[in-house]
Amino acid sequence: MEWPTYLDEYEKLLIRMSTPRVMIDNAGCSNTTRLMIDSARKHGILLEAVQVLTDLNLSIKKAYICSDGRWFMDVFHVTDLNGNKLTDESVLGYIEQSLETVHYGRSKSIEGLTALELTGTDRVGLLSEVFAVLSNLNCNVVDAKVWTHNGRIASLIYLKDDDSDSPIQDSQKLDVMDRMLRNVLKGANDIRSAKTSVALGVTHTERRLHQMMFADRDYERTPIIKTYDDSPVVSVQNYLEKDYSVVNIQCKDRNKLLFDVVCTFTDMQYVVFHATIDTSEDRASLEFFIRHMDGTPISSEAEKQRVILCLKAAILRRASQGVRLELCTSDRKGLLAEVTRTFRENGLNVTRAEISTTLEMVRNVFYVTDAIGNPADPKIIESVRQRIGLSNLKVKELPLIYNQNVERDEPTTGAGGAMLLSLGSMAGFYELGISLYIVNRSYRQGFGGGS
């Protein structure tokens, strides 16, 4: 590595210590690619690493997180979304480069766009009203994500002025937009919980959505439509001998599951010291050994219950309910308002949406149910497709993210909240920690040999 001449040896050492080291092993496992990340510990570094993997559309099949004092080493077994091992050298090189820069953070570029945050009471047709307001104000929605959970909705929308093709900077127009959207979002008797704001800086869209729904306390609210059938099972126990709280999660596996869970721990100010993640077919078992940032475990039954509620909410916010519809067509003024109005007029409720625009083409994904959360009538779906355009709006299956032949190195116990590692088997965890420490030290010494 070429060092600037003005750096002394101590400054070089500090740079080495603060820069994550990444090792990629494509030979040790027949069905997955193994990624090992070795870095100095800081709050949020685990989330940043997992965020990189999920943003690259990788499916995490297994993972081990081990902390040794001020250092940690994470091991991830990953595939692509179709369950295939990663073999493209350019892709592997990009993954390595991305993971080595996690300390620098990642934020969505909003240059040339206005970022709008919305939270409020969910109901059938709400999204149609929101996009109608924006269309009437000559605002073009370039990118957006919409989540719903327990009768609440959160959305982060990136838009620009339709006439000038630039960010919306007119304060009067922004005030009008705020009033109109707040009125739409408030529901029947919910004025104070409807919120709109222009975001000056956005760190990461999906993490921000988690923060918005967490601040909205969606985890405490009662669902107003049919809820997700396969609810996660979450348990929390204290391992007082080592001052850890042990959180166990048993749920259906899906893409970005680990990101959603680690987001919640980070935003609730817990530190993950050790963890094991294992998947089998369509099920996931996750176990975390956590403490508060001051080093203490969870201290009360009320806090345990809050952690359980928050983790369940984080998992279910992104749970894919309903039929997945993909809209791919040329962008034009009022398109989103027209499409979502068609959904509303046919009694379809949008439970989640992802809006994106590239080179004047839109690729929008909507998950829809009927008005009370049941599967939508296929005849209604077909009628909506005919109205919007059969070639434009298509019914899509979820990506195949499960690989039933993934190698399993660690035995797991049954479902129902049973722990992957019983509290008495922490010695096995420390063996893993010692092994990782040896790899860590050997690798760091090898790296430090050059100048």
Side-chain angles (χ1 to χ4, degrees), residues 32 46-47 50 53-54 59-66 74-79 83 149-150 210 214 218-219 223 226-239 244-268 270 272-290 297-298 301 303-321 398 400-426 428-429 432:
T32 62
L46 173 61
L47 174 58
V50 174
L53 299 181
T54 55
S59 179
I60 300 172
K61 298 300 182 181
K62 293 191 296 185
Y64 308 96
I65 287 88
C66 185
D74 299 341
V75 180
F76 299 98
H77 292 246
V78 302
T79 67
H149 180 244
N150 279 358
H210 275 301
F214 178 72
D218 68 316
Y219 53 89
K226 184 177 179 182
T227 56
Y228 194 62
D229 291 331
D230 194 359
S231 183
V233 177
V234 183
S235 65
V236 180
Q237 300 181 44
N238 276 349
Y239 183 42
Y244 287 118
S245 292
V246 185
V247 179
N248 183 272
I249 302 172
Q250 306 284 329
C251 65
K252 185 174 182 179
D253 188 28
R254 61 166 173 77
N255 194 32
K256 301 189 179 182
L257 173 64
L258 183 58
F259 172 81
D260 294 337
V261 171
V262 175
C263 247
T264 303
F265 284 134
T266 303
D267 292 337
M268 294 183 75
Y270 293 109
V272 175
F273 285 85
H274 305 282
T276 59
I277 291 86
D278 195 16
T279 64
S280 176
E281 298 183 8
D282 68 340
R283 305 302 300 177
S285 297
L286 306 90
E287 187 172 66
F288 301 87
F289 291 75
I290 67 171
I298 293 173
E301 185 61 31
E303 186 182 0
K304 285 183 181 180
Q305 293 305 313
R306 184 169 182 264
V307 169
I308 290 171
L309 287 175
C310 290
L311 287 171
K312 285 184 176 181
I315 293 169
L316 294 178
R317 286 168 195 152
R318 204 202 293 266
S320 300
Q321 284 187 272
L398 293 176
L400 178 61
I401 67 167
Y402 310 118
N403 182 0
Q404 298 184 9
N405 298 320
V406 172
E407 294 181 350
R408 297 169 55 85
D409 297 333
E410 298 289 337
T412 62
T413 56
M419 288 192 174
L420 288 172
L421 299 174
S422 67
L423 293 178
S425 68
M426 279 292 290
F429 227 138
L432 173 62

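- Judged as a side-chain hydrogen bond (donor to acceptor under 3.5 Å, both in side chains), and not counting sequence neighbours, the contacts of K256 are E206.
- At least one donor-acceptor pair closer than 3.5 Å links the side chain of N150 to the backbone N or O of D218.
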Give the C-alpha distance, both sets of side-chain angles, the deciding distance and a yes or no for side-chain contact (heavy atoms from CB on, under 4.5 Å) between I249 and I315.
-> CA-CA 10 Å; I249 302 172; I315 293 169; 3.8 Å; yes

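- Shown here are the ring-ring contact (aromatic ring centres under 6.0 Å, His included) partners of F76, two or more places apart in sequence or in another chain: there are none.
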side-chain contact (heavy atoms from CB on, under 4.5 Å) between I290 and I298: does it pass, once the steps are laid out?
-> CA-CA 9 Å; I290 67 171; I298 293 173; 4.3 Å; yes

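- Taking NE2 of H149 as the reference point, atom CZ of R318 lies at 13.5 Å (rounded to 0.5 Å).
- The salt bridge (charged side-chain N to carboxylate O under 4.0 Å, His left out) search around D267 returns R207, not counting sequence neighbours.
- We find the CG-OG1 distance between L309 and T264 to be 12.0 Å, quoted to the nearest 0.5 Å.
- Taking a cutoff of 4.0 Å between a charged side-chain nitrogen and a carboxylate oxygen, D260 and R317 do not qualify as a salt bridge.
- Among all heavy-atom pairs drawn from F273 and Y244, the shortest one is CB-CE2, 3.6 Å.
- How far OG of S235 is from CD of Q250: 8.0 Å, rounded to the nearest 0.5 Å.
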Dump the intermediate steps for side-chain contact (heavy atoms from CB on, under 4.5 Å) on L257 and I60, then the final yes or no.
-> CA-CA 9 Å; L257 173 64; I60 300 172; over 6 Å; no

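- With rounding to the nearest 0.5 angstrom, the CG atom of D74 is 5.0 Å from the CD1 atom of I65.
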So Y64 and H77, side-chain contact (heavy atoms from CB on, under 4.5 Å) or not? Walk me through it.
-> CA-CA 9 Å; Y64 308 96; H77 292 246; 4.1 Å; yes

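- Qualifying ring-ring contact (aromatic ring centres under 6.0 Å, His included) partners for H210, counting only residues two or more places apart in sequence or in other chains: W147.
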Report the C-alpha distance between F288 and F265 in whole Å, list the side-chain angles of each, state the deciding distance to 0.1 Å, and finish with yes or no for ring pair (Phe, Tyr, Trp, His ring centres under 6.0 Å).
-> CA-CA 10 Å; F288 301 87; F265 284 134; 5.0 Å; yes

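- In this structure S245 satisfies the side-chain hydrogen bond (donor to acceptor under 3.5 Å, both in side chains) test together with N238, sequence neighbours excluded.
- The two residues A314 and R254 have their closest heavy-atom pair at O-NH2, 3.9 Å.
- Atoms CG and CG, on L46 and L258 in that order, are 7.0 Å from each other to the nearest 0.5 Å.
- Atom OG1 of residue T279 and atom CG of residue D253 lie 5.0 Å apart, to the nearest 0.5 angstrom.
- In this view, Q305 and E301, I308 satisfy the side chain to side chain contact (heavy atoms under 4.5 Å, CB included) rule, not counting sequence neighbours.
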